[in-house]
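This report concerns only the one structure given below.
Letters A, B, ... are given to chains in the order of the sequence lines, protein chains preceding strands, and every chain is numbered from 1. Every heavy atom of this structure was used, including side-chain atoms; hydrogens, water molecules and symmetry mates were not.
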Protein chains: 2
Amino acid sequence: MPTTRWLDESQQRHWRALLTGTSALFAALNHDLEAATGLALNEYEVLVRLSEAPDRTLRMSVLAEGLVHSRSRVTHTVRRMEEQGIVRRQRSSEDGRGVECAMTEKGWEVLVAAAPLHVQSVRDRLVDVVSREELATIGEAFERVAERITENPPS
Amino acid sequence: MPTTRWLDESQQRHWRALLTGTSALFAALNHDLEAATGLALNEYEVLVRLSEAPDRTLRMSVLAEGLVHSRSRVTHTVRRMEEQGIVRRQRSSEDGRGVECAMTEKGWEVLVAAAPLHVQSVRDRLVDVVSREELATIGEAFERVAERITENPPS
DNA sequence: CAAGCCTAGTTGAATGTTGTACTACTGGTA
DNA sequence: TACCAGTAGTACAACATTCAACTAGGCTTG
């Protein structure tokens, strides 16, 4: 059992800033979006993924993987969205186990209405607050972080 | 109503990387910590804040502000922690409305046992994955992001 | 083609979080 | 000292998330 390599003071400070900063950021984005459109950030993300997919349709497991959510969480989220009529589910024709989630026309309209507001909010709270270089550094760093976690998942 | 300034492709990619990267990161840290110590990341953070405070004691509202959690969430978290015997609550003597949350001796022991494991996990999943400069950039950027949100809170 | 194992997705219960309304105390003002 | 607006915290209900079964279909091997 090796002795602990503690974080030094500045590492500590930066890590803490990330922790509270992201917490504040996501809370604010969620709040902005929900106030303006009634949509939660999770739901919005589902719509974005669907909008980019062929036939605006994705398998549940693809959604789960892309959003980094548990399968069960996606099931519940999509069920709620289905009740609002913004997505629809149907059994996959190729794989009898699979379920495809498709965006409805109403879902598309909801997304189109929400997108400009959300983008403005992301700009106000993040993109226009950091420099282009900082954003690039952040993006690349977290790409690596995510990759590492995929290679070596918890549990 | 001005036309939307959309994100360009690289901004889009970096923003998405942050979104999924932090999601994966916090899920992994939470999982590591919970598996090793039975403590959730939230609860750990409460203990850390208390451990740094005079008398290892903080007002509920100070905890809420520091953790960027709602007052109600902190009430619940602290109640659960009190049931485990790692913190204790008492009415504030100076302000009759206030409640002070103090770390117990058991809480201190739990924190001391958990800290090395948690630090290792933070290193493995973040600190040792990015360069010192990247971490500094990230920390400073998010400090600014948080500041901006404080100046201009949602709702 | 049957057995066993894997993957996809759902279910329901336990747990956690949010939002609103409420109690209680404070501090300032008349 | 009586009022009133504001602050601290909690209670309860609605909602979201997690976790551990569970159903069902696919894939591989003998």
Under a 4.5 Å cut-off applied to non-hydrogen side-chain atoms, are T37(B) and H118(B) in contact?
-> no
Hey, quick one: are I149(B) and V68(B) part of the same hydrophobic cluster, counting side-chain heavy atoms closer than 4.5 Å, chains of contacts allowed?
-> no
Derivation and outcome, side chain to side chain contact (heavy atoms under 4.5 Å, CB included), residues Q84(A) and V110(A) | CA-CA 11 Å; Q84(A) 305 176 41; V110(A) 167; over 6 Å; no
Are the charged groups of R132(A) and D8(B) less than 4.0 angstrom apart, N to O?
-> yes
Do NZ/NE/NH1/NH2 and the carboxylate oxygens of E52(B) and R16(A) come within less than 4.0 Å?
-> yes
Pick base, sugar-phosphate or nothing for S61(A), based on heavy-atom distances below 4.0 Å to the nucleic acid.
-> sugar-phosphate
Hey, any chance L117(B) and L47(B) share a hydrophobic cluster, counting ILVMFWY side chains that come within less than 4.5 Å of each other, even indirectly?
-> no
Per-nucleotide protein contact along nucleotides 15-28 of chain D, 5' to 3', at a 4.0 Å heavy-atom cut-off (B base, S sugar-phosphate only, - neither), is -SBBB-----BS--
Taking side chain as C-beta onward, heavy atoms only, is V46(B) less than 4.5 Å from L50(B)?
-> yes
Which pair of heavy atoms, one from R123(B) and one from W6(A), lies closest together, and at what distance?
-> NH2-O, 3.0 Å
Can a salt bridge be assigned to the pair E9(B) and R13(B) using a cut-off of 4.0 Å between side-chain N and carboxylate O?
-> no
Please work out which residues in residues 18-27 of chain A have a non-hydrogen atom less than 4.0 Å from an atom of DNA chain C and list them by number.
-> none
All heavy atoms of D32(B) vs all of P154(A), minimum pair found to be OD1-CB, 3.7 Å
Starting at CG of L58(B) and ending at P of dA8(D), how long is that distance when rounded to a whole Å?
-> 14 Å
Can you give the first and last nucleotides of DNA chain C, 5' to 3', that have an atom under 4.0 Å from a heavy atom of chain A?
-> dT7(C) to dG12(C)
